[in-house]
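All values derive from a computational prediction rather than experimental measurement. Computed over heavy atoms, backbone and side chain alike; hydrogens, waters and symmetry mates excluded.
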Amino acid sequence: MLLLVLAFALAMDSVALSIINGAKNPNINFGRICKIAFIFGFFQAIMPFFGYVLGIGFVDVIASIDHFIAFAILSFLGIKMIRESREQSDDDLGRSTDKELIFGAVATSIDALAVGVTFSFDDTSIFYACILIGATCFALCIIACYVGKFIGRSLHDKALILGGVILILLGVKILVEHLMSHGF
């Protein structure tokens, strides 16, 4: 049960990006939604495994900069999305490229890397944990894309701006939480 709660918590950043992707493209189809959910779910599943395998030494190194990496990636994508809102008409309210999805997936799954390290200290089955985390994220991201698609219909012209602002705020949240937890 605790692992399922952890899986939900880890998925929340990916869920936010999935809502944005649905809102950006109100005509998004089920295949694209599954692809988005798969990319986010895959990275949420694989990062705890990397954390588990690489151990605490690597995480100590990455933990000192992970918040800056996530902030930079999310802010870059957010600013890009806001700029695109000025260039696009209602007819081509775009979708994220696969490259943007992967960057977003990496940025939102860095915390799962650190969680993977904690799995190496107890008797948690890393394969079960990774499958549960990935499957939970996948399912939640499908739902989130549909929520975004619904919201996108009512916010059609503002979806990119809203999405960009959310990405930037998500990056700021990650940065502030880390800095606050380390006494800055």
Q. Would you say Ser75's side chain and Ala72's backbone share a donor-acceptor pair under 3.5 angstrom?
A. no
(Q) Treating Thr97 as the side-chain partner and Glu100 as the backbone partner, does any N or O pair qualify as donor plus acceptor under 3.5 Å? (A) yes
Using 0.5 Å steps for rounding, measure from the [atom1] atom of [X] to the [atom2] atom of [Y].
X	Y	atom1	atom2	value
Ile168	Phe76	CD1	CZ	11.5 Å
Ile174	Asp111	CD1	CG	7.0 Å
Cys130	Phe42	SG	CZ	10.5 Å
His178	Ile110	NE2	CD1	11.5 Å
Asn25	Lys149	CG	NZ	8.5 Å
Phe40	Ser109	CZ	OG	9.5 Å

Q: Please report the shortest heavy-atom distance between Leu4 and Thr136, naming the atom on each side.
A: CD1-OG1, 3.8 Å
Q. Considering all heavy atoms of both residues, which atom of Ala7 and which atom of Ile133 are nearest to each other, and what is their separation?
A. CB-CA, 3.8 Å
Q.
Please enumerate all residues that pass ring-ring contact (aromatic ring centres under 6.0 Å, His included) together with Phe127, with sequence neighbours excluded.
A. Phe49
Q. Would you call Leu101 and Phe43 a side-chain contact if the rule is heavy atoms closer than 4.5 Å?
A. no
Give the cluster check for [X] versus [Y]: same hydrophobic cluster or not, with ILVMFWY residues linked at side-chain heavy-atom distances below 4.5 Å.
X	Y	result
Ile46	Ile131	no
Ile39	Phe30	yes
Leu175	Met180	yes
Phe71	Phe68	yes

Q | Pairs where residues 33-46 contributes a residue and the test salt bridge (charged side-chain N to carboxylate O under 4.0 Å, His left out) is met, not counting sequence neighbours | A | Lys35-Asp98
Q: Step by step, work out the side-chain contact (heavy atoms from CB on, under 4.5 Å) result for Thr124 and Tyr52.
A: CA-CA 10 Å; Thr124 301; Tyr52 181 86; over 6 Å; no
Q: For Phe50 and Leu113, run side-chain contact (heavy atoms from CB on, under 4.5 Å): C-alpha distance rounded to whole Å, both residues' side-chain angles, the deciding distance at 0.1 Å, then the answer.
A: CA-CA 6 Å; Phe50 286 146; Leu113 181 78; 3.7 Å; yes
Q: Any chance you could lay out the side-chain contact (heavy atoms from CB on, under 4.5 Å) test for Ile28 and Tyr146, step after step, and finish with the verdict?
A: CA-CA 9 Å; Ile28 193 169; Tyr146 279 108; over 6 Å; no
Throw together a table of side-chain donor-acceptor distances under 3.5 angstrom for residues 9-20, partners on residues two or more places apart or in other chains.
{"residue": "Ser14", "atom": "OG", "partner": "Gln44", "partner atom": "NE2", "Å": "3.4"}
{"residue": "Ser14", "atom": "OG", "partner": "Thr108", "partner atom": "OG1", "Å": "3.2"}
{"residue": "Ser18", "atom": "OG", "partner": "Ser14", "partner atom": "O", "Å": "3.0"}

